[in-house]
Number of protein chains: 2
Amino acid sequence: MSTANILIVEDELVTRNMLKSVFEAEGYNVLEANDGDQMQQIIKENSNINLIIMDINLPGKNGLLLARELRENQNIALIFLTGRDNEVDKILGLEIGADDYITKPFNPRELTIRIRNLLTRTMQENLYFEEVREKVENYKFNGWTLEIDSRSLISPNGDLFKLPRSEFRAILHFIENPGKIQTRAELLLKMTGRELKAHDRTVDVTIRRIRKHFESIPEAPEIIATIHGEGYRFCGQIE
Amino acid sequence: MSTANILIVEDELVTRNMLKSVFEAEGYNVLEANDGDQMQQIIKENSNINLIIMDINLPGKNGLLLARELRENQNIALIFLTGRDNEVDKILGLEIGADDYITKPFNPRELTIRIRNLLTRTMQENLYFEEVREKVENYKFNGWTLEIDSRSLISPNGDLFKLPRSEFRAILHFIENPGKIQTRAELLLKMTGRELKAHDRTVDVTIRRIRKHFESIPEAPEIIATIHGEGYRFCGQIE
DNA sequence: TAATACTGAAACGATTCAGTAACAATACTG
DNA sequence: CAGTATTGTTACTGAATCGTTTCAGTATTA
């Protein structure tokens with residue numbers, strides 16, 4: 001199983017390095033280009049690129065056309081980086097048909113999830129990467145502990161549940177955004193990198209599965225509350 | 001929250017079905033017309049259409065004029081489908097002022113993004129979803145607390161009522177505009193994004209429902225006062 | 001005071017939303 | 001590869017919310 005090759009086209013060194021380190025931490029192989037010309041060069045020399053992630057403002061007309069061709073003729077995924085939302089129109093206007101757009105500033109974890117999904121769709125490759133966390137710190141709330149390393153939930157009595165990935169991510173997201181209402185769209189994105197479509201009950205089902213863990217201790221208060229018409233909200237007392 | 005109604009005017013069955021399935025996946029309500037006549041018919045029967053997407057070659061002169069009228073007099077967005085780029089000139093020549101046009105073959109994802117943006121601009125309703133609250137701060141008045149995060153009202157004894165969305169919005173609006181008389185029109189707009197029509201008692205009913213919460217503590221003073229012939233006024237002492 | 005306009009209230013109906021189980025598909029593991 | 005774990009989908013049910021209607025009661029005004 002070969003790792004994916006990602007080409008970053010971005011002139012800002014800071015951004016490029018950040019992207020690079022994120023991707024390398026995920027085990028991808030990273031190539032870099034400063035502008036459209038370099039991009040062309042690199043593509044010529046490397047036939048095995050799986051994904052290009054490029055700043056929308058950079059590569060010039062030729063670069064964009066090249067990207068479009070690559071996307072259509074070969075099996076290369078294409079993601080644009082944009083500075084602000086209004087630039088999304090710009091992308092649409094170009095009619096290039098990117099696979100995804102990401103607005104700066106971006107969240108590394110979200111980015112990696114999206115990329116992984118995209119690559120799984122594009123390549124048959126089954127890469128599974130654990131996530132990289134800077135601060136590995138466990139969270140405690142209402143007597144429960146969320147253990148980051150082992151991705152598990154420990155009840156007040158010490159019973160341990162290994163959490164599936166999406167349940168874990170949902171809880172983590174809740175805890176890292178305490179008190180705020182989280183929409184289904186937001187939760188689904190954090191859990192799977194997907195976008196919410198109508199009639200998708202995935203989030204509800206996952207919430208249900210999470211709640212079941214807490215039921216193991218019946219006296220437990222309502223940890224995840226439903227906000228009708230809006231989403232869910234974590235009500236635990238985080239220590 | 002009502003979903004948007006989209007009318008597709010297109011004779012090619014394949015294209016129409018494709019559009020339909022794309023929109024329905026997004027949760028929109030889809031109506032279909034084969035030609036200009038059917039379009040006219042359907043518009044007559046449905047007063048609540050938010051967006052029309054039509055093939056530029058179809059509806060004949062009358063259909064186009066009708067579309068133009070709708071766009072100008074009512075608040076209906078209009079998108080044209082064109083076969084080839086050169087037809088774009090045609091649209092411009094017609095001086096109808098479409099909100100957008102899309103050339104076939106189109107990219108579903110691009111289409112949904114454009115539509116979403118357009119509807120957000122057209123329907124005031126959607127403004128409320130976007131509303132971002134920076135300062136999440138709770139409000140207190142006469143011993144009661146309005147908790148923003150959880151969208152709930154806490155009585156002086158600590159009893160907690162989860163508020164429905166429109167009750168919550170009404171109270172929030174009162175508190176953020178203390179002392180001022182709020183007309184029914186204003187309140188309805190804040191609650192639901194709708195405009196007040198004659199004989200609409202929705203606001204009265206909602207106020208009643210809000211007052212019921214306060215009744216749970218009988219000694220409470222009148223928190224929301226009726227201003228005969230004008231509207232309502234919040235009389236709580238905000239801390 | 002009588003006529004009129006306005007509001008309160010209850011009850012109902014419609015619609016949208018959330019919870020859940022059961023199943024299907026997919027990914028992961030040994 | 002087979003078996004298991006996880007994730008996603010569907011369909012159904014009940015609940016929550018919202019809006020309408022109707023009518024009785026209250027305030028306002030001529």
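The chains referred to below are lettered A, B, ... by the order of the sequence lines, with proteins before strands, and numbering in each begins at 1.
For A:E222, there are no salt bridge (Lys or Arg N to Asp or Glu O under 4.0 Å) partners at least two apart in sequence or on another chain. A:E230 is linked by a side-chain contact (heavy atoms from CB on, under 4.5 Å) to A:I181, A:I227, B:R151, B:R165, counting only residues two or more places apart in sequence or in another chain. Applying the salt bridge (Lys or Arg N to Asp or Glu O under 4.0 Å) rule to B:R211 yields no partners; only residues at least two apart in sequence or on another chain are considered. In this structure, A:E24 has no side chain to side chain donor-acceptor pair (under 3.5 Å) partners at least two apart in sequence or on a different chain. Qualifying salt bridge (Lys or Arg N to Asp or Glu O under 4.0 Å) partners for B:E26, counting only residues two or more places apart in sequence or in other chains: B:R116.
Atom CG in B:L163 sits about 14 Å away from atom P in D:dA16, given to the nearest Å. Atoms NZ (A:K162) and P (D:dT4) sit 17 Å apart, rounded to a whole Å. Rounded to a whole Å, the CD1 atom of A:I207 is 9 Å from the P atom of C:dG19. As rounded to whole Å, 11 Å separates atom C1' of C:dA11 from atom NZ of B:K212. Remark: C1' of C:dA9 and CD of B:E215 are 11 Å apart, rounded to the nearest angstrom. If you measure from atom CD1 of B:I210 to atom P of D:dC18, you get 10 Å, rounded to the nearest angstrom. Rounded to whole Å, atom P of C:dC6 lies 15 Å from atom CD1 of B:I181.
Applying the ring pair (Phe, Tyr, Trp, His ring centres under 6.0 Å) test to pairs two or more places apart or on separate chains, those with a residue in residues 157-210 of chain B are B:F161-B:H213.
Here the side chain of B:R208 is nearest to one of C:dG19, D:dT17, C:dA9, namely C:dA9.
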Extract all donor-acceptor atom pairs below 3.5 Å that involve side chains of residues 231-238 of chain B and protein atoms in other chains or at least two apart in sequence.
from   : atom 1 : to     : atom 2 : distance (Å)
B:Y232 : OH     : B:R184 : NH2    : 3.4
B:Y232 : OH     : B:D204 : OD2    : 3.1
B:R233 : NE     : B:G179 : O      : 2.8

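Between the side chain of A:R194 and the main chain of A:L189, no donor-acceptor pair closer than 3.5 Å is present.
Remark on the helix from C:dT1-D:dA30 to C:dG30-D:dC1: inter-end axis angle 30°, axes from five-pair C1' superpositions, rounded to 10°.
The shortest distance between the side-chain N/O atoms of B:R211 and the OP1/OP2 oxygens of C:dG8 is below 4.0 Å. The side chain of B:Y232 places an N or O atom within less than 4.0 Å of a non-bridging phosphate oxygen (OP1 or OP2) of C:dG8.
Residue contacts shown for B:I227 are limited to sugar-phosphate atoms, with no base heavy atom under 4.0 Å away.
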Item checked: Reading 5' to 3' through nucleotides 8-13 of chain D, protein heavy-atom contacts under 4.0 Å coded B for base, S for sugar-phosphate only, - for none -> BBBB--
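A:L31 places a side-chain heavy atom less than 4.5 Å from the side chain of A:I49.
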